[in-house]
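Comments concern the structure below.
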Amino acid sequence: MEVGPRWNKVAPGIWSRVFGAPETFTARSALKAAPRWEALGEIPDAPFPFDPAAASGEVRGGRTVLRFPLRPNTPVFGLGLQFLRLDQRGRTRYLRVNSDPVQDTGETHAPVPFYVGGDGHAVLIDTARIVTIHVASVVRRKEAVPTPDRTTDPAWQETPPGSWVEAVLAAPGAEVFVFGGPTVRDAVRRYNLFSGGGFLPPRWSLGFWHRTPTRYSAAEVEAEAAEYRRRGFPCDVIGLEPGWHTAAYPCSYEWSRERFPDPAGFVHRLAEAGFTVNLWEHAWVSPKAEVHGPLAPLSGSHTVWGGLAPDYTLPEARKILENQHERAHLAAGVAGYKLDECDGSELTSGSWMFPAHATFPSGLDGEQMRQVYGLILQQLTAGLFRRRDRRTFGLVRASGAGAAPLPYALYTDLYDHRQYVRALCNAGFAGLLFAAEVRGASSPEEWVRRVQVASLSPLAQLDAWSSGTKPWTFPEVETAVRRALELRVRLVPYLYTAFARYQRDGTPPVRPMALEEDPGEARLADDQYMLGQDLLVAPLFAGQTERKVLLPPGNWYDFETGELLEGGGAAVLARPLESIPLLVREGAIVPLMPPLPHTPRAGETVALEVRHYGPRPGRYRLYDDDGETLAFEHGAFRWIDLAVDISQDGVRRGRVEMGPDVGGLVYDPVQWVFLG
Ligand code: GAL
């Protein structure tokens with residue numbers, strides 16, 4: 001049975017169509033985020049990206065089967081925080097939330113039923129159900145595919161090349177959104193803005209983060225923070241791990257007075273030294289928690305580690321946790337959360353997550369709840385800061401569709417370095433951010449290479465909760481590690497601007513090469529990525545002294561030396577241990593601040609170094625505001641215009657237009673550096 005009405009245009013270049021009778025609870029309905037209509041209107045309209053009549057949806061036996069055409073020979077990106085491959089074409093992906101994404105099934109911390117065709121279109125299936133999506137990996141009888149002989153023909157393939165996406169979910173229908181291009185980046189921007197994002201983090205959150213060992217007391221944490229200052233390693237955020245609770249696994253959400261006798265004093269003293277505090281928690285409520293009693297009637301049928309699994313789709317349940325967090329955490333000055341373990345794995349042990357047949361008071365079942373739990377927790381906790389006119393940026397281990405407005409970065413217990421870089425790329429297709437954190441290393445070399453990537457990821461963190469590692473753990477590479485952390489801080493003005501663009505026009509601040517206007521041969525690269533508008537990060541991994549980097553057309557320059565590399569193909573980069581290959585597009589302007597111990601607060605005067613690369617004029621708009629409130633949403637921000645003109649005899653001259661003061665930073669003096 002062919003079901004549902006025709007495609008409706010919902011914004012320029014965005015269409016929706018309802019197939020069958022969708023469930024009312026979906027990922028979009030869980031978040032209820034308003035699309036950014038105005039920003040969407042600024043992206044030029046685009047034609048419907050495939051034959052609209054070719055799409056179909058069939059509902060049979062409580063299942064919906066959706067079918068969409070794909071162009072031959074185009075890669076298919078997206079489907080969430082994928083660690084194992086960039087191009088999903090030819091694969092069947094089982095999009096279930098799972099903390100064990102080690103097998104190539106598609107399961108991951110943040111599966112998203114949203115894919116992006118390399119030809120510049122994207123499709124979102126709006127559901128809270130697990131979606132099994134066959135990306136040109138199943139073939140119908142009516143499709144003509146080659147059938148080579150396996151015995152004699154090396155072209156024989158296990159999966160003959162199909163040209164359709166077929167998606168299946170256990171629901172009597174689904175609403176589908178199609179996003180036009182013409183470029184991959186435009187399709188992704190439309191998706192992000194339609195989700196209501198991106199977001200602007202507080203400026204301090206773009207500095208370096210350190211998470212202390214789980215059993216540390218307040219005094220030990222403060223001593224560790226002081227050690228960063230004493231040794232001259234920059235740090236902005238101190239993260240506490242489970243031991244700050246009176247009970248954890250499941251959680252009490254109350255401070256252990258034994259380890260933290262005076263929480264407000266502790267947070268205040270750290271603030272005086274330029275640190276903010278981030279708290280670890282997970283969603284499962286300990287019988288020892290004060291909120292256990294009130295939450296009990298509002299929780300699901302099954303426990304996790306003996307803790308309640310509250311139904312936070314219910315406003316009453318949200319209110320109970322909000323009030324407790326407000327009283328115990330925000331009133332003490334806590335600035336953010338790490339939302340752990342909302343992504344339990346059934347593969348290793350059933351007790352890490354309620355089962356799919358669990359029931360919840362709202363009427364949702366365990367499958368739906370599991371798929372959206374991370375999304376709901378992010379929204380709930382972000383709202384706490386919004387109410388106080390504060391921004392936050394935190395960590396989360398499960399996410400899903402529509403996450404672009406949620407101020408969180410994903411992390412994982414996995415630790416394969418190449419997979420980390422691939423995840424940084426893949427996150428950018430799906431409205432997600434990935435924190436490629438460091439925890440430890442088996443050699444000084446590996447430590448440096450990992451710290452370099454962490455420093456150039458959306459959230460730069462050392463998670464020493466179990467390892468007790470410090471940046472200076474390997475003394476022989478201390479200088480190289482300090483350099484990476486300092487580079488992070490120097491880049492804060494540039495990164496903050498990249499996030500401002502994410503918030504305004506949906507362009508991800510960290511993104512795969514395929515999101516370049518013209519990626520050329522680099523389109524399928526999964527071991528290099530773009531940071532902000534003009535920096536290309538090509539990490540070296542332990543054991544390497546050189547690597548191949550694929551450059552989009554145009555000239556590129558080494559960030560530190562200004563050495564020229566011709567684009568439009570492959571180049572070999574050799575780099576000593578202390579240097580991370582960071583390349584800059586010709587004509588780019590990169591604003592840097594000094595490697596301060598922590599990021600500056602509103603009103604502070606900061607020197608600005610402005611670099612310009614190569615013999616082409618450049619323009620750049622540097623974003624600035626107070627760095628922590630929501631006043632920017634009401635116009636309290638400025639764009640500082642930076643431009644480089646080049647005279648006929650090749651002399652470069654920099655120009656700055658500061659714009660009106662809006663209570664942000666005072667950039668003074670401004671020093672120009674011309675490279676390349
Ligand atoms: C893990 C988490 C780690 C750390 C640990 C604390 O699940 O991924 O980063 O927070 O819990 O017990």
Next item on the list: Taking the side chain as every heavy atom from C-beta outward, state whether V453 and Y529 have any atom pair closer than 4.5 Å.
Entry: yes
Check: Is any side-chain heavy atom of R638 less than 4.5 Å from a side-chain heavy atom of D625?
Finding: no
Note to self: Contact between V237 and W204 at the side-chain level, heavy atoms closer than 4.5 Å - yes or no?
What the structure shows: yes
Margin query: Below 30° counts as parallel, above 60° as perpendicular, anything between as tilted: where do the rings of F233 and Y228 land?
Written below: perpendicular
Checklist line | Any donor-acceptor pair under 3.5 Å from R482 side chain to W472 backbone | finding: no
Next item on the list: Could you pull out all residues at least two apart from A264 that satisfy side chain to side chain contact (heavy atoms under 4.5 Å, CB included)?
Entry: D262, A332
Checklist line | CG-OG1 distance between L364 and T359, expressed to the nearest 0.5 angstrom | finding: 10.5 Å
Next item on the list: May I ask you to test the Y502-T507 pair for a side-chain heavy-atom distance under 4.5 Å?
Entry: no
Notebook entry, point to check: Counting only heavy atoms not in K288, do more than 12 fall under 6.0 Å of its NZ?
Noted result: no
Notebook entry, point to check: Any salt bridge between D236 and R488, counting N to O under 4.0 Å?
Noted result: no
Check: Does a side-chain heavy-atom distance below 4.5 Å link P471 with L462?
Finding: yes
Next item on the list: State, yes or no, whether a side-chain contact exists between P234 and L485 at a heavy-atom distance under 4.5 Å.
Entry: yes
Note to self: I'd like to know if R231 and E227 make a salt bridge, using a cut-off of under 4.0 Å between side-chain N and carboxylate O.
What the structure shows: yes
Note to self: Test side chain to side chain donor-acceptor pair (under 3.5 Å) on Y667 and D624; report intermediate values, then the result.
What the structure shows: CA-CA 10 Å; Y667 282 120; D624 183 43; 4.9 Å; no
Checklist line | Candidate list D463, D343, D100, test salt bridge (Lys or Arg N to Asp or Glu O under 4.0 Å), partner R397, passing option | finding: D343
Check: Listed by chain and number, what are the side-chain hydrogen bond (donor to acceptor under 3.5 Å, both in side chains) partners of S299, not counting sequence neighbours?
Finding: none
Margin query: Would you say the ring centers of Y253 and W280 fall short of 6.0 Å from each other?
Written below: no
Note to self: Would you say that R450 contacts Y415 through its side chain, given a criterion of any heavy-atom pair below 4.5 Å between the two side chains?
What the structure shows: yes
Note to self: Rounded at 0.5 Å granularity, tell me how far CG in L433 sits from CG in L406.
What the structure shows: 10.0 Å
Item checked: Partner residues of H302 under the side chain to side chain contact (heavy atoms under 4.5 Å, CB included) criterion, sequence neighbours left out -> F354, P355, H357, A358
Item checked: H282-W352 aromatic ring centre distance below 6.0 Å -> no
Notebook entry, point to check: So, does W255 use its side chain to make a donor-acceptor pair with the main chain of A328 at under 3.5 Å?
Noted result: yes
Notebook entry, point to check: Should E290 and R327 count as an ion pair when the cut-off is N to O under 4.0 Å?
Noted result: yes
Check: With the threshold set at 4.0 Å, does a side-chain nitrogen-carboxylate oxygen contact exist between E241 and R215?
Finding: no
Check: For E281 and K338, what are the C-alpha separation, side-chain angles and deciding distance, and is it a salt bridge (charged side-chain N to carboxylate O under 4.0 Å, His left out)?
Finding: CA-CA 6 Å; E281 68 176 38; K338 167 176 171 179; over 6 Å; no
Next item on the list: Determine yes or no for a side-chain-to-main-chain donor-acceptor pair under 3.5 angstrom, with T303 supplying the side chain and L308 the backbone.
Entry: no
Check: Is R388 paired with E326 through a side-chain N to carboxylate O contact shorter than 4.0 Å?
Finding: yes
Check: Are the side chain of S195 and the backbone N or O of A403 linked by a donor-acceptor pair below 3.5 Å?
Finding: no
Checklist line | Residue that, paired with F260, satisfies ring-ring contact (aromatic ring centres under 6.0 Å, His included) out of Y216, W244, F266 | finding: F266
Notebook entry, point to check: So, are R387 and E322 salt-bridged, with charged N and O less than 4.0 Å apart?
Noted result: yes
Checklist line | salt_bridge(R211, E224) N-O dist < 4.0 Å | finding: no
Next item on the list: Determine, for R391 against E628, whether the closest basic-nitrogen to carboxylate-oxygen distance falls under 4.0 angstrom.
Entry: no
Checklist line | Test log, rule ring-ring contact (aromatic ring centres under 6.0 Å, His included), inputs F499 and Y623 | finding: CA-CA 9 Å; F499 270 97; Y623 179 80; over 10 Å; no
Next item on the list: State whether the side chain of R370 and the backbone N or O of V97 hold a donor-acceptor pair below 3.5 Å, judged by distance alone.
Entry: yes
Note to self: Between S286 (side chain only) and A247 (backbone N and O only), is there a donor and an acceptor less than 3.5 Å apart?
What the structure shows: no
Checklist line | Aromatic ring proximity, centroids under 6.0 angstrom, Y249 and W305 | finding: yes
Next item on the list: Mark yes or no for whether R259, through its side chain, and S256, through its backbone, hold a donor-acceptor pair below 3.5 Å.
Entry: no
Item checked: Side-chain (T26) to main-chain (S29) donor-acceptor, under 3.5 angstrom -> yes
Margin query: Taking the ring centre of each residue, are F434 and F83 less than 6.0 Å apart?
Written below: yes
Notebook entry, point to check: Thinking salt bridges, do D311 and R318 make one under a 4.0 Å N-O criterion?
Noted result: no
Check: Does the side chain to side chain donor-acceptor pair (under 3.5 Å) test come out yes or no for E446 and H417, once each step is laid out?
Finding: CA-CA 9 Å; E446 186 197 337; H417 201 197; over 6 Å; no
Notebook entry, point to check: Y408 versus Y337: any side-chain heavy-atom pair under 4.5 Å?
Noted result: yes
Check: Between S217 and E220, does a side chain to side chain donor-acceptor pair (under 3.5 Å) hold up when you go through it step by step?
Finding: CA-CA 5 Å; S217 64; E220 286 168 308; 3.2 Å; yes
Note to self: Please check this pair: side chain of S205 against backbone of P201, looking for a donor-acceptor N/O pair closer than 3.5 Å.
What the structure shows: no
